[in-house]
Amino acid sequence: MELLLVILIGLLYASGIFMMLRRSMVKLIIGLILLGNGANMLIFLLGRIVKGKPPLIESSAKMLTEIYADPVPQALILTAIVISFGLQSFAIILVKRAYKITDTDDLDELNTTDEIYE
Amino acid sequence: MIIAILSGFIAAALIPLLSKIIKGKGSILLPFLPLSLFVYFASYLPKIGKGEKLNFVYEWVPSFGINLSFHLDGLSMLFALLITGIGTLVFFYTYSYLKGHVYLDRFYGYLSMFMASMLGLVLSDNIITLFIFWELTSISSFFLIGFNNDDPKSRKSALLALSITGMGGLFLLAGMLLLGTAGGSYSFQELLANGSLIQEHASYGWIILLVFLGAFTKSAQFPFHFWLPGAMKAPTPVSTYLHSATMVKAGIYILARFTPLLGGTTEWNTTLIIVGAVTMVYAAIHSIFRMDMKSILAYSTISALGILVFLIGLGTEESLLAAGVFILVHALYKATLFLITGIVDHETSTRDVTVLGGLRKVMMPVAIAAGLAALSNAGAPPFFGFIGKDLIYEATLHFGDWAYLLTGAAILTNICLLFAGLLAGYKPFVGNLPAEFSKVHLPHPTMWVPPLILAALGLIFGLFPVLIEKNLIQPVFSSLTNNDTVIHLKLWHGFNVVLGLSMLTLTLGVLLYWKLKPSEALFGKTLKFELFSPQTIALLFGRLFSGFAKFWTGFFQNGYLRNYVITILGFLTILLGYRLYQGVNFYVDTAKLTELTIYEVIVVLIMIVSIIFTVFSRSRLVAVASLGVIGYSICLIFLFYSAPDLAMTQFSIDTLTVILFVLVIYNLPKYKTFSKRRIRVRDGILSLFFGTLIAILTLEVLAEPLNRETSIFYAESAYILAKGKNVVNVILVDFRGLDTIVEITVLVIAAIGVFSLLKLRLKSIEKE
Amino acid sequence: MIKTKFLSNLLLSLIWVAITGAFTVENFVFGFALSFFLLWITATDRRDNKYFNRIPKLIGFVFFFLYELIKANIEVAYDVITPRHYMEPGIVKIPLDAKSDLEITLLANLITLTPGTLSLDVSDDRKVLYVHAMYVKDREEFVANIKNGFERRLLEITR
Amino acid sequence: MTEIIVIILSSLGALFILLAAVGIVKMPDLYLRISVTTKAATLGIGLILLGAGIYFSDTAILARVIAIIVFMLLTAPVGAHMIGRASYFTGVKMWKNSKIDELEGKYDTKSHKLKSED
Amino acid sequence: MKTIIFKTASTYLLPLLVLFSVFILLRGHYLPGGGFVGGLIASIAFVIHSFANGLEQTKSLIKFHPGFLMPIGLCIALLSGAAPLLVGQSFMTGLWFEDPLPVIGMVGSALFFDTGVYLVVIGVTLTIIFTISETL
Amino acid sequence: MNNPYIILPVIFQLFTAVLLLFFWFRVNAQRLITIICSLVSLGIAIWLLKEVYQNGILTMQAGGWKAPFGITFVADVFSATMVLLTAIAGMAVAVFSTGSIRNARLKFGYFPILNFLLMGLNGAFLTGDIFNLYVWFEIIIIASFVLITIGGEKAQIEGAIKYVTMNLLASAIFLTAIAILYGLAGSLNMADLSEQVAQIENRGLVNVVAILFLVGFGIKSAIFPLYFWLPASYHTPPPAISAIFGGLLTKVGVYALLRIFTLIFVPDAFLSNLLIVLAAMTILSGGLGAILQVNMRKIFSYLIVCHIGFMIAGLGIYTELALVGAIFYLIHDIIVKTNLFLISGLIFKLKGTLNIEKLGGIYKKYPKFSLLMAIPLFSLVGIPPLSGFWAKLFLIQGSYLEGQYTLIGFILLGSFLTLWVIAKLWSEVFWKDAKDLPKKINVKYFKELKPLKQWAMVIPIVLLAATSLYIGLAAEHIILLSKQIAAELINPSAYIEAVLGSKTTTP
Amino acid sequence: MSVYDYLYYIILPILAVSILIIFIRFLIGPKLSDRVVALDLLLTTGIGIIAVYSIITNQPAFLDIAMILALIAFLGTVAFAYYLEKREKND
Ligand code: NA
Ligand code: NA
């Protein structure tokens, strides 16, 4: 399964980047989301995956004894997911606003702030 | 001592506060600052004359060996007296010259600051401190040159001067640092103690190169000389003070100061001789075609500076003595001529020598001063200038194989300088007074007394060199050569070759004055040569540089986000790829992998297809929907691999994201394909390459053993110590609760951001 | 009104007990308090609706519903797994006797849940329910089936 | 005994879901797809969930399972109704062999008000 | 989307979902769940309600601007984290009541903290979604 | 030594922000709270630096969990200094904002967000946990997103798109790096990582991770060729916001680079050389960009890039001396750049434009302001003995001792370009005589402001100018501080011991 | 054959194949509504998978995820319906 996930992660990164390189703002956002998903999966996989053993302590037990999934990456991903949600919401609204103001989706037209003489 | 040096800065700081008083009558009090400093330094003359050297150390930045340590010996004494002495006169002169000027206070402020910097420069023993004061002179001169800042030319000149001297300053800084590092100390005295160490050091070449660059730019040596004529846009007192008597000599000072330490080598001497000789001849020839008094003086100053560099370069005891004397000679007559130019300009409103004439009839004392200065300049006996010129020829004649060539150059230079001196100091005052100048009258004594004093000194020192021989020139000589040979200054050496050369110079110079009349036409002809002048080349270089800047900036900061992204990612990819290729062995341990099941394969398959679908979909909504599928599939993977909390959260958040998209999708632009196919293919290749790198990296990491200390601790303590059974949640609210509080803060900020982005509409009055 | 609220409250407390899975008095009291609070928060103008009014009829209705569900599912399954389509779909207008929001909603949902039919919308004057059906052999019969089946039984419970 | 019940319930459930899956691909128009899938899936999932509830033989879990089923019964038809209705007035066509359409022309094109009479 | 069916269903869904969200919040320390998911579910409940009944209805239901929940939640989280500082212990050190409460289990600062998270998440989500809906 | 209160700079900022949220619509109350709280923060920061300077490295184990299991906060001299600088710059900007930021913006959370941003900065400086650093970075970027867009002007939005994209990209790379690091070392505690990473046998992988961190932080600190977002966006928001960005935001990236590449990854020859090349290119790019610009704030933006190069150069050389230079420059740059952007704000309020071709006559009309402004301008140039000068000494000497002669050339070039740009700016903006520009209706000019607001804009500039004078003239203090920091960085064992030393005690 | 094996080797694959089939509808559309319906069905089927998986792994906790899925799965449908309605009104 790891091999499949590795391919998946590579693909998520690749597609995220490909989308970020488009000129369309919406694609840019989608690219960022894909990239974020890729990073989350990467943390997940690199924390090493274990099937069907969530880090929950049995009601009768006091600690996890047998093999269990590493809870740390899970906590990290949770945090990362929530943070990306905040950032993505903001980014989506930013794009909406940009579209309203500039009336274009073409990022190539948003270059006045880089011009030397302004 | 420190008070003496800093007093100028203190005054400069106080002047803006006292501006009302200064703009009134108060400014007459200011010259007493340099005057008292002059007296203060002069009081040390006897001690210096006895060969004593005085040290004053004040701690400043001891941890880097930078202290306010001052060293008073002959050389610094000579400069200190010039700075304060001419300073006094210039301060007085300014009182009338800029009387009633709205920014008189500022002018005095800068002048005081400059004086203090200059004093600090010549008195510093610590070479870093020396550099600090060096830079301060550059910056105060920037303000002084740009004093008439309404005039674009004035601003341009200030900028040019600062650019050149500032650049030189940076080289000097590097040189000083190298020197200090190589010699193990920033104290000049300590460095001097291990002089040979430095001359043998591997960086010696770099050090002297950097010192030269600093000195040459400051002292307007060829090919860095061109800022100086422009700097004459400054008010005349500034030209007098900075650009003839003191600041430009800072470079000379440095060369002189470092001669005992760095000098004596072929590199040192040859460079200085060549640069000095070229400068003196080049500038001298340039000076004779000018018509503007200030321009004439500017070029003759450059030439004189060239002579000084040349003399230091010769490096013999004779030449160093000549240099020491010529510093004083030149300061006296050149300052005089500048002050006179100022008077002429001030009273007649022109400095064109072809127009001026007969002014002796209306301003006799000025004419006397001018005459004295011109004669000293000409090296006519019994003026101090004669002694100076004598010493120069003495030095060149005794310089081995190259004696004739060098002497010839010196003679040529001196002839031109003589001519220039006559043009500026003689021509305006003789002949008939043009009618338009008949109303011209003698200015306030504070203006004509200073040049007269200086000019008179040129005569007095010539007649009685003994006045300064022991207490001033002897110590200067000692500092320059680092030995105590006793010297004698004499006006009369008897009839010898040197005297003959002096006379030859005089004769030829006067002859030239007779024959060559400066005119617009002649000046115009010389301008043709400007095409090849260093200034033109420098400007060309500047233009090239600015073109390069435009290219570079336009290339990188091109305004296209995707180019930025591709640059960043390309950079990352190359580095990653290189590092992976270089140091990572590709290896997968299949035994460690978990088994594959059909449902997982299907989920992954769906994900892969969805990703491709998202990327290539032509509809925004479909892309969003398939993004949802990707998210939900991730959920399932989380679930299969024991992360129920993750699955829950991912699912809820994905749903919310979809809702968000759907809500705003109206206000989102339609999906369009902008880029060309070729670009898409290129991006695709880069993306896939990057993805592959990440994948390989992941595989490699998976093959490494993982330290499980942390996760074991959590598993064991979650319930016992933190009283929770869902370890992930315990981590979130307890073990790593700090992350969580930050992350909810992120959410809060994002919400506020969304709120303000959508709700805040500035009215036009509120925009800015 | 008070009775309705109380009933809702009670119902929610029971659901609370069910989802938490702890059948204890404390938990019930906690759930009651919680749902009381929630009802206060979410209070809107709801009309009189009675929950456990006709419990026997409710049970009967559940069985009727399950029967319809399974029967119709099999009917559809046949159509799905065989290559040919036997269906005769159409959108049919069903006049409503159900009046309250709850009645209409329940009816519509029940219709949707049974295979082959899908409540598309209720007219704005609440007189008609538009239903998409797979097997409209005879329009009148279809309407009558629904009116006599689901609607009648449902109204018996709710009224 | 429990095991057999679980096997039966889950088999039936899986079959219904498979049915829904085939249905959604095979059915010729959107309304039919909605029609077929909503309930088949709901029924199927309900059965599987019930199986799970029985398997764990814990009242708490059973209660939770029932709660899920109730939720689904509540939401699934609403969702079907929403998307069906929205599709109708966005002009999603019915299958060519459809018999009648009594909804035709009843929607006000602007306000989406739905009339009961012509 | 003024459909009676959805409206009615949402009226019943709202309390159900909020109830469920509280449940998820409270048991987070023992089983999957916690403040985040709880908060998300609660906000989804209100979002559904606003879809069905219009934003104004939902807002009048909540009675105050949901954004107000953000500082309150942050305050609760901050206080429960900072309380140990008063007794000279590190930020976020767990303080616990002696005995477990029914249903909830052990009550301690972690629970308060999670409640803070819960409220913040509701506040944030609703602020974002409502603001967007208002300015469509 | 353990001290639970070192988290105060963070908590207090959070407290302030939350308090401000409760006063959402009451703008004047927000102003008052902001000023008071920024003073308190300054007090806390001074206390912290004093404690650390006297007692050595202080740690706080969040939740009382021993390292590396909980999140550790570490206050060494470096962090404490950064916290203090944040407090100073933060206070200046806060006070300036009370005068310069319009009520409309204040009603939409300007002050709370500003305080959140400062909280994020403090958190990033104090944390000893790599993932926690990530979340602090996220606070910083989201707060900066909001600030850069607040008001929603066209230029703001255009700049923000680039700013947001690049920062999110950087975050993704950072997160990737953390994932791999955790996958390799199984730890998040930076001190622990320092030990764990050293034990990893597969050095190739370690190097790869280091590259990811370099690029992630490199984007945030705007080094070549990752800086593009900065000149595209920093000039677009209100000047007070540019000030906090210009002063602090890129520096937090530099801080992270300095921290990570001294504590966890010690640069090998390749990385060192890479850093040096990047530093040189950064200096060049920033300098070249700056000489072309005509908008004052864009000039400053490019200069930020240019001067980041100096700091990176110090890291690349990687000797104590060079690090002293980098740290000194960092300290100087925070104060001066903040002030320059504030000054640009003041000039805008005076003249209604920041185009240096249109500006002019300030020297004539406002001689006292001009003098005041000259201090930071020429401090930036590094006219000795002003603050910018000292750092260069160390950098040049450090480069020389390591034989990096070309780098010296670039440092000199960067200094020269800065000198030229500032001199030109002075000549254009201050000296040149300008016609009165037509009044803009959408600008509230300085003269139209109430005296209280006028003071609110001038006092921070004065204070920062005084600070930069202090840095320059009392350089000894700053050098001692920088030396201590550099020593800490070069030899992280004290840091590691302070964090992990308590391993035996029970939580 | 135990319940475990039965679920693991028969039921789960059936559900997975169902998902795959449904996904085909998602891909081919043709209308947005078709995709939405497919998405909804995907999620519903996901609930089933979760339930089965919870039995296989003996983790009743997974049922909670199923519960959340059940609760908010239809929200996506509602949102898309909302969008379609808006689109009609606006165009
Ligand atoms: Na949580
Ligand atoms: Na704790």
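Residue numbering restarts at 1 for every chain, and letters A, B, ... go by the order of the sequence lines. This structure is a prediction, so every number in the text was calculated from the model and none was measured.
- Annotation: B/Tyr599 is in aromatic contact with B/Phe640 [ring centroid separation under 6.0 Å].
- Interface remark: of the candidates G/Ile19, G/Leu27, G/Leu42, G/Leu27 forms the most heavy-atom pairs closer than 4.5 Å to chain B.
- A donor-acceptor contact under 3.5 angstrom links the side chains of B/Asp645 and B/Asn726, judged on distance only.
- Closest heavy-atom contact between G/Arg35 and G/Gly29: NH1-N, 3.7 Å.
- A distance of 12.0 Å separates CD in B/Gln650 from CG in B/Leu639, rounded to the nearest 0.5 Å.
- Here CD1 of B/Ile606 is found 12.0 Å from CD1 of B/Ile611. Values are rounded to the nearest 0.5 Å.
- Heavy-atom pairs under 4.5 Å with chain B were tallied for G/Leu71, G/Leu43, G/Leu15; the largest tally goes to G/Leu43.
- Contact annotation for residues 625-633 of chain B against chain G (heavy-atom separation below 4.5 Å, listed by residue number): B/Ala625, B/Ser626, B/Val629, B/Tyr632.
- Within the 4.5 angstrom heavy-atom criterion, no atom of B/Phe661 approaches chain G.
- Only the side chain of B/Val658 comes within contact range of chain G, with heavy atoms under 4.5 Å apart.
- Residue contact with chain B, scored on non-hydrogen atoms closer than 4.5 Å, involves the side chain of G/Leu39 exclusively.
- Heavy atoms of B/Ser619 lying under 4.5 Å from chain G are absent altogether.
- Residues B/Phe690 and B/Leu576 are in side-chain contact: their nearest non-hydrogen atoms beyond the backbone lie under 4.5 Å apart.
- Residues of residues 47-61 of chain G that come closer than 4.5 Å to chain B, counting heavy atoms only, are G/Ile49, G/Ile50, G/Tyr53, ordered by residue number.
- With chain B as the partner, the residue from G/Leu20, G/Leu69, G/Leu32 showing the most heavy-atom pairs under 4.5 Å is G/Leu69.
- Taking CE of B/Met607 as the start and CZ of B/Phe613 as the end, the distance is 15.5 Å to the nearest 0.5 Å.
- A distance of 8.5 Å separates CZ in B/Arg736 from CD1 in B/Ile731, rounded to the nearest 0.5 Å.
- Heavy atoms of G/Val17 lying under 4.5 Å from chain B belong to its backbone as well as its side chain.
- Between B/Arg680 and B/Asp683 there is no salt bridge, since no side-chain N of the basic residue sits under 4.0 Å from a carboxylate O of the acidic one.
- Considering CG of B/Leu605 and CD of B/Glu600, their distance stands at 13.0 Å, rounded to 0.5 Å.
- Within the 4.5 Å cutoff, no side-chain heavy atoms of G/Tyr8 are placed close to those of G/Pro13.
- Contact count against chain G (heavy-atom pairs under 4.5 Å) is highest for B/Ser610 among B/Ser617, B/Ser642, B/Ser610.
- Residues B/Ala647 and B/Phe638 share a closest heavy-atom pair of N-CB, 4.0 Å.
- Interface residue B/Ile665: only side-chain heavy atoms are found under 4.5 Å from chain G.
- Atom CD1 of B/Ile568 sits about 11.0 Å away from atom OG1 of B/Thr573, to the nearest 0.5 Å.
- Looking only at heavy-atom pairs under 4.5 Å with chain G, the residue among B/Thr597, B/Val609, B/Val601 that has the most is B/Val609.
- The two residues G/Asp64 and B/Met648 come nearest to each other via the heavy atoms CB-CE, 3.5 Å.
- Comparing B/Thr655, B/Val622, B/Ile598 by heavy-atom pairs within less than 4.5 Å of chain G, the highest count is held by B/Val622.
- Nearest heavy atom pair, residue G/Ser33 against residue G/Leu84, reads OG-CD1, 3.6 Å.
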